[in-house]
Visitor: 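If you scroll down you'll find the structure; I have some questions about it.
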Amino acid sequence: MTNPEIAAVFDQVADLLEFQGANPFRVRAYRNGARAIRDLAESAAEVIADPHRELTGIAGIGKDLAGKVTTLVETGTLPMLDELLAEIPTSVLAILRVPGLGPKRAAVLYRELEVTDLDKLREACEAHQVRALKGFGAKTEAAILEGLEIAAQGDKRTYWAQADQIVAAILEHFAGCEAIEKIEPAGSYRRGKDTVGDLDLLAVARDPAAVMDRFAAFPSLKQVLLRGDTKMSIRLLTGLQADLRVVPAESFGAALQYFTGSKEHNVVLRGKAKDLGLKVNEYGVFRGDEQVAGATEEEVYAAIRLPWIPPELREARREFEWAEAGRLPELIELADVRGDLHMHTSWTDGIDTIEEMATAAKARGLKYVAITDHSKRVSMAGGLDGDALRRQWADVDEANDAMRGIRILKGVEVDILEKGGLDLDDDVLAQADWVVASVHYGQRQPREQITRRVIGALQNPYVCAIAHPTGRLLNQRTSYEIDLDAVLKVARDEGKMMELNAHPSRLDLDDVACAAAKNYGVPIVISTDAHNINGLGAMRYGVLQARRAGLTKADVANTRAWAELKKMLRRS
DNA sequence: GCCGTTTTCGGCCCGACTGTTTTCAGTCG
């Protein structure tokens, strides 16, 4: 069983235990365990197989969970989960997605009204059975009816890139607001997560009520969910929820830290504060009643004897270990990127010409680009065969002659065929400056087969990198079954690179996988996969993801000049 | 269920808001 699968089992156990009203700390232990396994750089199976290592060496995995991981790896099932599922149908878990319904009330609905899914919940509300329950009322019943729609949507999250536009619109909306002194986005948006569940905004204001009135007048607002003295939540037309907090200036840093999260990061931070005899909340750091920090984030971290930690790293992974050792990585920045090595043109499914793409890239400050159109197997995109590719490369030569200040590389995105092997002959690939290989077909193949295909591609002497290595599309398609750990090892041994595809809906390798690649010493290439000149702007999303992985300039190959990058490639 | 140079038991982050309450539980982040 793979790490994500093991993690999913633990998460489901946590959901079911929570529904049962189990000890919340026990529930948390399962969720922590799920996270620990998901974030692991190598497969749990491998740790078990290694006689020098123990699963219990992983923070968050104790004796019990180690046993359960072993059971899952060996048998693929967990008796405990089967027992829980025999008691509770999984459909009830959908009830927990209704805003305002948590485990306690969901359990009451299940017990008292035999509500086992969202349809039955709607019936019970419409029959006014819910308001009769102890602890419920007419308002709660109405709120549940309204929330059913959101629950039915599942847990679709908003792409970071989309959230970014909304944040910009909100900040613009407040730009002329006199009542506000300062406003900043926090939450998973600030941490640069690939998708965000909701938006958190933080303000310092002379007149909080006026700020909230302004918030209520945001053009794409659908409804005000709640409004208190310092906190207000709205739902936008897209369904996204946005929370605004108004805090005193002397608490701004503490609040920014608090609402940036992650929750897990904050739990660790507060634990450390406690060890120092301090208390941290969104108003500041306190020793007894005395506030010792709070105006800035730097101050808050300093009070806990830590350097300021970049938001992208605040996931309770390794950032505290690094911070305490004074070894926080100097994270890559957009300005470090010198080339873009994956893009398409009008030769296949792109819109713009080679020259237009190169011109736009140059305007963005890049020094080189690789034109990597599809190979012939990708017929839907009008993929190129060897002859067509050679004709395109003649075009590239011409464009290079015509242009100054940017180098255009002859590249290709060669398809990894279903049966294994590549869609173009080696003699063609040998003439390319840069070759990325990727899977487009047979994405549902079993793990061994698809892993073998990708490893085979890495072993081809002319392939430089694997593009979008897991094939995931956020909110749309999960990654294909691939043994990434095995792939990374081959990449390391073959001296190859792995792509971090910067497209807002892809962003794979993801942050965890990029960190794993770094562990193996496999260079990452951040590429836009642009299909038109605007697509080149996606680079910053990729950089953000790389920062979340803790990558520095040195870890990303396309921060180097092309001549240097070329030397890193072991091509025969 | 995890964790521990103060602990192998007794902790486990903390506060705002709402609705249903007569003082608080549940939910959320």
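This is a predicted model, so every value here is computed, not measured. Letters go in sequence order (proteins before strands), and every chain restarts at 1.
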Visitor: Using a cut-off of 4.0 Å on non-hydrogen atoms, how would the nucleic acid contact of A:Arg28 be classed: base, sugar-phosphate, or nothing?
Guide: base

Visitor: Do A:Tyr159 and A:Tyr541 have ring centroids that are under 6.0 Å from one another?
Guide: no

Visitor: As an exercise, state the distance from CG of A:Leu256 to CD of A:Glu184, rounded to the nearest 0.5 Å.
Guide: 6.0 Å

Visitor: Base, sugar-phosphate or nothing for A:Arg26? Non-hydrogen atoms, less than 4.0 Å.
Guide: base

Visitor: Describe the nucleic acid contact of A:Lys272 in one word from base, sugar-phosphate, nothing, applying a heavy-atom distance below 4.0 Å.
Guide: nothing

Visitor: Mind checking who B:dG29 pairs with, Watson-Crick or G-U wobble, both distances under 3.5 Å?
Guide: B:dC14

Visitor: Expressed in whole Å, how much space separates the C1' atoms belonging to B:dG11 and B:dT6?
Guide: 14 Å

Visitor: Quick one: label A:Ala273 by what it contacts on the DNA or RNA (base, sugar-phosphate, nothing), any heavy atom closer than 4.0 Å.
Guide: nothing

Visitor: Once you apply a heavy-atom cut-off of 4.0 Å, does A:Lys63 come out as touching a base, just sugar-phosphate, or nothing?
Guide: sugar-phosphate

Visitor: Just to be sure I understand the rule, does A:Thr230 reach a base, reach only the sugar-phosphate, or reach nothing, if contact means heavy atoms closer than 4.0 Å?
Guide: sugar-phosphate

Visitor: Rounded to the nearest 0.5 Å, what's the gap from OG1 on A:Thr116 to CG on A:Leu93? Could you check?
Guide: 11.5 Å

Visitor: Is there a side-chain contact between A:Leu65 and A:Asn32 (heavy atoms, below 4.5 Å)?
Guide: no

Visitor: Determine the contact category for A:Val98: base if any of its heavy atoms lies under 4.0 Å from a base atom, sugar-phosphate if only primed atoms, P, OP1 or OP2 are that close, otherwise nothing.
Guide: sugar-phosphate

Visitor: For A:Pro99, answer base if it contacts any base atom (sugar-phosphate contacts may also be present), sugar-phosphate if it contacts only those atoms, and nothing otherwise; contact means non-hydrogen atoms under 4.0 Å.
Guide: sugar-phosphate

Visitor: Would you give the length of the straight line joining atom CG of A:Leu226 to atom CE of A:Met232, rounded to the nearest 0.5 angstrom?
Guide: 8.5 Å

Visitor: Which of residues 280-290 of chain A sit near DNA chain B, with a heavy atom under 4.0 Å from it?
Guide: A:Val280, A:Asn281, A:Glu282, A:Tyr283

Visitor: Begin from the C-alpha positions of A:Asp555 and A:Ile332 and carry the test side chain to side chain contact (heavy atoms under 4.5 Å, CB included) through to its verdict.
Guide: CA-CA 8 Å; A:Asp555 300 321; A:Ile332 179 176; over 6 Å; no

Visitor: Could you check whether A:Ala138 gets within reach of a base, just the sugar-phosphate, or nothing at all, counting any heavy atom under 4.0 Å?
Guide: sugar-phosphate

Visitor: C1' atom, B:dT22 versus B:dC14: distance in rounded Å?
Guide: 26 Å

Visitor: Please report the distance separating the C1' of B:dT18 from the corresponding atom of B:dT23, rounded so that it comes out in whole Å.
Guide: 15 Å

Visitor: Reading DNA chain B from 5' onward, which residue's closest nucleotide shows up sooner: A:Leu65 or A:Thr140?
Guide: A:Leu65

Visitor: More 5' along DNA chain B: A:Asp275 or A:Asp243, using each one's nearest nucleotide?
Guide: A:Asp275

Visitor: If you compare all heavy atoms of A:Gln241 against all heavy atoms of A:Asp198, which two are closest, and at what distance to 0.1 Å?
Guide: O-CB, 3.2 Å

Visitor: Which value, in whole Å, describes the distance between the C1' atoms of nucleotides B:dG1 and B:dT5?
Guide: 24 Å

Visitor: Please work out if A:Leu269 contacts a base, only the sugar-phosphate, or nothing of the nucleic acid, heavy-atom cut-off 4.0 Å.
Guide: nothing

Visitor: What distance do A:Arg472 atom CZ and A:Asp510 atom CG have between them, rounded to the nearest 0.5 Å?
Guide: 5.0 Å

Visitor: Rounded to whole angstrom, note down the P distance from B:dC13 over to B:dC2.
Guide: 16 Å

Visitor: Given A:Arg314, which of A:Glu264, A:Glu297, A:Glu319 fulfils the salt bridge (Lys or Arg N to Asp or Glu O under 4.0 Å) condition?
Guide: A:Glu297

Visitor: Students should find this one: the first and last nucleotides of DNA chain B, 5' to 3', lying under 4.0 Å from a heavy atom of chain A. What are they?
Guide: B:dG1 to B:dG29

Visitor: Are A:Asp15 and A:Tyr30 linked by a side-chain donor-acceptor pair shorter than 3.5 Å?
Guide: no

Visitor: Would you measure the distance from the C1' atom in B:dT8 across to the matching atom in B:dG26 and give it in whole Å?
Guide: 34 Å

Visitor: Using the C1' atom as the reference point in each nucleotide, state the distance between B:dA16 and B:dC9 in Å, no decimals.
Guide: 33 Å

Visitor: Just to be sure I understand the rule, does A:Asn32 reach a base, reach only the sugar-phosphate, or reach nothing, if contact means heavy atoms closer than 4.0 Å?
Guide: nothing

Visitor: Roughly how far apart, to the nearest Å, are B:dT21 and B:dC12 at atom P?
Guide: 31 Å

Visitor: To the closest 0.5 Å, what do you measure between OG1 (A:Thr260) and CG (A:Leu202)?
Guide: 7.5 Å

